[in-house]
Amino acid sequence: MNPIKKWHHQTIAKQMVEKLKSKHFNGIYAENLDEARKIVLNMIPEGASIGLGGSVTFNEMNLLETFREPKYKLFDRYKPQPWEDVVECYRQALLADYLVTSTNAITRNGELVNVDCSGNRVAGMIMGPKNVIIIAGVNKVVDDLDEAFKRLKKIAPLNAKRIGHKTPCAETGVCMDCQTKERMCNYTTIIHHGMKYEGRTTIILVAEEIGF
Ligand code: SF4
């Protein structure tokens, strides 16, 4: 990577870690995705139950196969199964020891902004799992809430395309405010602060561009 760009990523990521700490999140800096992966695996003890929130960042960390090892109890939403069982998996994962996921946007003021299709990810980020681990590339950092909402609309078509949802935006590349069953944008949340359950939410800021 261009050294100036890398310096900028490092600088912004370090600033955001301090901001997140000031909002009573457990902010951790990671130089790259490999380092983030090690941090995650060091945090989760053997025997822990784990739920997953769908994200490109998580996919890029190659954690799924690791979490499928018998030493963990994974609520495996990704194994082939009927939709009713996927929903049951979502429900069970809300009481997991750890939720591992990413976020769609982090404002410079330390707010986490997310949009979700099924609601399991955003629900678990707010309440349910004992611990939440969020891994995010520095490309998720935006100036403010307005920018965050714009970002959600920009990335939803990419996620629709990635997952294979037959939404209009998966054809046009831009939001068409669809009314389809496969709509991606059903739940939008803002997490303003980490004080309520101090120590519950860890955010690993990676000094790289990861995911959408
Ligand atoms: S509302 Fe529908 S068209 Fe708009 S981004 Fe979401 S899924 Fe795509």
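In each ligand, atom 1 is the first atom listed, and ligand 1 is the first ligand listed.
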Taking [atom] as the reference point, the nearest protein heavy atom with its distance:
atom                    : answer
atom 8 (Fe) of ligand 1 : Cys169 SG, 2.3 Å
atom 2 (Fe) of ligand 1 : Cys178 SG, 2.3 Å
atom 6 (Fe) of ligand 1 : Cys185 SG, 2.3 Å
atom 7 (S) of ligand 1  : Met184 N, 3.3 Å
atom 3 (S) of ligand 1  : Met176 N, 3.2 Å

Short N/O/S contact of Cys175 with atom 4 (Fe) of ligand 1 (below 2.8 Å):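 So Cys175 counts as coordinating atom 4 (Fe) of ligand 1, yes.
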Connected via hydrophobic side-chain network under 4.5 Å: Ile126 and Val115: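 Result: no, two separate clusters.
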Heavy-atom donor-acceptor pair, Arg108 side chain to Met16 backbone, under 3.5 Å: no
Side-chain donor-acceptor pair present, Ser102, Lys140, cut-off under 3.5 Å: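 Yes - a donor-acceptor pair under 3.5 Å links their side chains.
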Glu31 and Gln10: side chain donor to acceptor below 3.5 Å: yes
Where ligand 1 meets Ala156 - atom numbers and elements under 4.0 angstrom, heavy-atom basis: 5 (S)
Ring pair (Phe, Tyr, Trp, His ring centres under 6.0 Å) partner of Phe67, the single match among Tyr98, Tyr78, Tyr72, Phe75: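 Result for ring pair (Phe, Tyr, Trp, His ring centres under 6.0 Å) with Phe67: Tyr72.
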Reference residue Ile134; test side-chain contact (heavy atoms from CB on, under 4.5 Å); the match among Ile191, Leu112, Ile204, Leu205: Leu112
